[in-house]
*Asks:* 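Mind having a look at this structure? Questions to follow.
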Amino acid sequence: MPHFPVNHPARPLYRVLSGLIGVYILVFGVWGIAETIGNPLFDRSSTWALGLRTNLAFSLASVVFGVVLIIGASRRTNLGHYMNLTAGVVFLVTSILMMSVLQTEANFLNFSMSTVVVSMLFGLILLGTGLYDKVGPPEHAAAELENRKHPVADVHRR
């Protein structure tokens, strides 16, 4: 059974961090749409937006993901926790899959190596923020604190 800290003190910082990633992805998507508006959906041209190569399909997906991340970061419930965990895994899996087809015709999102690196970095950050922004009642946080102060745990800290 995985253990997620409940009501972590740095939770607001993690929400801001995931919100900033969401804003960047949203701005990237809007900028990419503006740059690729006349091109085919899965075009493989050399169109760049905010330092990342893109096409219309990737830009549209970025707008959707940016809005989802901003909504998740703005909620003070466990919705953001689950959204960040899911988005982190999606970004990591997408970056690995797109890196494996980088120099082939299967690169339908027009990724470059810089896009892979940024997607992997965002995935790791979102996964980390998702691990520490779980919300629970104060009783759960107090029980977690008591578990940390258990005598058996103190023996292992020396």
*Asks:* Apply ring pair (Phe, Tyr, Trp, His ring centres under 6.0 Å) to Phe58 and list each qualifying residue two or more places apart in sequence or on a separate chain.
*Replies:* Phe28, Phe111
*Asks:* Are Ile96 and Leu127 connected in a single hydrophobic cluster, I mean Ile/Leu/Val/Met/Phe/Trp/Tyr linked by side-chain heavy atoms less than 4.5 Å apart?
*Replies:* yes
*Asks:* Does the side chain of Met99 reach to within under 4.5 Å of the side chain of Met113, using non-hydrogen atoms?
*Replies:* yes
*Asks:* So do the side chains of Val63 and Val30 get within less than 4.5 Å of each other, counting heavy atoms only?
*Replies:* yes
*Asks:* So, for Asn107 and Met98, which heavy atoms are closest and what is the spacing to 0.1 Å?
*Replies:* OD1-CE, 3.0 Å
*Asks:* Which residue pairs satisfy the side chain to side chain donor-acceptor pair (under 3.5 Å) criterion with at least one member in residues 55-69, sequence neighbours excluded?
*Replies:* Thr54-Ser59
*Asks:* In this structure, would Val90 and Val118 fall into the same cluster of hydrophobic residues linked by side-chain contacts under 4.5 Å?
*Replies:* yes
*Asks:* Could you tell me whether the side chain of His81 and the main chain of Gly130 form a donor-acceptor pair under 3.5 Å?
*Replies:* yes
*Asks:* Which side chain to side chain donor-acceptor pair (under 3.5 Å) pairs, counting each pair once, include a residue from residues 88-106, with sequence neighbours left out?
*Replies:* none
*Asks:* Could you check whether any side-chain heavy atom of Leu126 comes within less than 4.5 Å of a side-chain heavy atom of Leu69, counting everything from C-beta outward?
*Replies:* yes
*Asks:* Is it possible for you to say whether Val23 and Trp31 belong to one hydrophobic cluster, with membership spreading through side-chain heavy-atom contacts below 4.5 Å?
*Replies:* yes
*Asks:* Is the shortest side-chain heavy-atom distance between Thr129 and Leu17 below 4.5 Å?
*Replies:* yes
*Asks:* Could you give the distance from CG (Leu109) to CG (Leu56), rounded to the nearest 0.5 Å?
*Replies:* 11.5 Å
*Asks:* What ring pair (Phe, Tyr, Trp, His ring centres under 6.0 Å) pairs are there with at least one residue in residues 113-139, not counting sequence neighbours?
*Replies:* His8-Tyr132, Tyr14-Tyr132, Tyr24-Phe122
*Asks:* Should the heavy atoms of other residues, nucleotides or ligands under 6.0 Å from CH2 of Trp48 be counted, would the total exceed 12?
*Replies:* yes
*Asks:* Do Ser112 and Thr115 make a side-chain contact, defined as non-hydrogen atoms from C-beta onward lying under 4.5 Å apart?
*Replies:* yes
*Asks:* With sequence neighbours excluded, tell me which residues meet side chain to side chain donor-acceptor pair (under 3.5 Å) with Arg11.
*Replies:* none
*Asks:* Indicate, with yes or no, if Met83 and Val89 share a hydrophobic cluster defined by side-chain heavy-atom contacts under 4.5 Å among Ile, Leu, Val, Met, Phe, Trp and Tyr.
*Replies:* no
*Asks:* Flag the pair Ile70 / Ile25 as yes when at least one side-chain heavy-atom distance between them is below 4.5 Å, and no otherwise.
*Replies:* no
*Asks:* Hey, quick one: are Leu50 and Leu26 part of the same hydrophobic cluster, counting side-chain heavy atoms closer than 4.5 Å, chains of contacts allowed?
*Replies:* yes
*Asks:* Are Phe91 and Ile125 packed together at the side-chain level, in the sense that at least one heavy-atom pair is separated by less than 4.5 angstrom?
*Replies:* no
*Asks:* What distance separates Asn39 CG from Ile33 CD1, expressed to the nearest 0.5 Å?
*Replies:* 12.5 Å
*Asks:* Going by the rule side chain to side chain donor-acceptor pair (under 3.5 Å), which residues pair with Ser45 if we only count those two or more places apart in sequence or in a different chain?
*Replies:* Asp43, Thr47
